[in-house]
Trainee: 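Structure below; questions to follow.
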Amino acid sequence: MHAIRKKRLITLAVILVILSAALGLVLYALQQNINLFYSPTQIALGEAPENTTIRAGGMVVKGSVKRDANTLAVTFAVTDFKHSVQIQYQGILPDLFREGQGIVAQGKMLSNGVFSASQVLAKHDEKYMPPEVTEALKKAQQKTNPTSSSTLER
């Protein structure tokens with residue numbers, strides 16, 4: 001093998017190693033920032049991973065919001081009309097948060113089956129609902145009543 005070819009081959013190998021390392025670092029960083037959405041039914045069936053940041057959402061169950069009088073702690077239930085999930089949150093809820101409304105919460109599932117939210121997002125007007133929540137509600141409604149037409153159309 002000529003010296004020039006050997007030098008080119010080594011240079012190419014070094015470039016491939018550097019590109020592979022860069023790609024690996026990018027994929028690792030993206031994996032840390034991915035927050036998958038889980039419906040209350042998926043959470044109730046145990047499909048949501050524990051101690052991993054995920055998003056959960058649905059409709060806030062009427063009468064389920066309980067506020068601690070001394071702190072900013074709030075607990076409430078979210079449903080997809082098939083199953084419910086208890087969510088606990090420490091902080092100020094959005095102004096648009098209320099019972100009977102669609103929300104998306106970001107946080108982690110605890111081992112006791114409670115979702116500990118670090119952020120709660122509420123819809124911004126009367127017609128909008130997050131796409132993940134709409135899809136989860138449609139699926140739950142179709143499973144419970146497959147012959148009726150969906151009432152959750154946008």
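Numbers here simply count residues along the sequence, with the first being 1.
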Trainee: Calculate, to the nearest 0.5 Å, the distance between atoms CD1 and CD1 belonging to I43 and I87 respectively.
Mentor: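 So the gap between those two atoms works out to 7.0 Å.
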Trainee: Considering residues, nucleotides and ligands other than L16, do more than 12 of their heavy atoms fall under 6.0 Å from its CG?
Mentor: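 Atom CG in L16 is crowded, with more than 12 foreign heavy atoms closer than 6.0 Å.
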Trainee: Does anything in residues 53-66 pair up under side chain to side chain donor-acceptor pair (under 3.5 Å), and if so which pairs, sequence neighbours excluded?
Mentor: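 The answer is R55-E132.
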Trainee: Rounded to the nearest 0.5 Å, how far apart are OG1 of T75 and CD of Q90?
Mentor: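 Here the rounded value is 11.0 Å.
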Trainee: For the atom pair CD1 (I103) and CZ (F97), what is the distance rounded to the nearest 0.5 Å?
Mentor: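 Interatomic distance, I103 CD1 to F97 CZ, rounded to 0.5 Å: 6.0 Å.
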Trainee: Compare every heavy atom of N70 with every heavy atom of D68, then report the nearest pair and how far apart it is.
Mentor: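 That would be OD1-N, 3.0 Å.
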Trainee: Search all heavy atoms of K82 against all heavy atoms of T41 and return the closest pair with its distance.
Mentor: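 Looking at all heavy atoms of both residues, the closest pair is CB-OG1, 3.7 Å.
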Trainee: Would you please name every residue forming a side chain to side chain donor-acceptor pair (under 3.5 Å) with D95, sequence neighbours left out?
Mentor: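 Expected list: none.
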Trainee: What distance do I92 atom CD1 and L72 atom CG have between them, rounded to the nearest 0.5 Å?
Mentor: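 Separation between the atoms: 5.5 Å.
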Trainee: Measure the spacing between CD1 of I54 and CD of Q106 and express it to the nearest 0.5 Å.
Mentor: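 Going from CD1 on I54 over to CD on Q106, the span is 10.0 Å.
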Trainee: Can you name the closest pair of heavy atoms from E99 and G63 and give their distance?
Mentor: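 Looking at all heavy atoms of both residues, the shortest contact is OE1-N, 3.1 Å.
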Trainee: If you count the non-hydrogen atoms of other residues, nucleotides and ligands that lie under 6.0 Å from CG in L12, is the total more than 12?
Mentor: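 Above 12, so yes.
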Trainee: Return the minimal non-hydrogen interatomic distance between Y89 and A117, and the atom names on each side.
Mentor: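 Answer, listing the atom of Y89 first, then A117: CD1-O, 3.4 Å.
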Trainee: Using 0.5 Å steps for rounding, measure from the CD atom of E50 to the CG atom of L110.
Mentor: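 Separation between the atoms: 8.0 Å.
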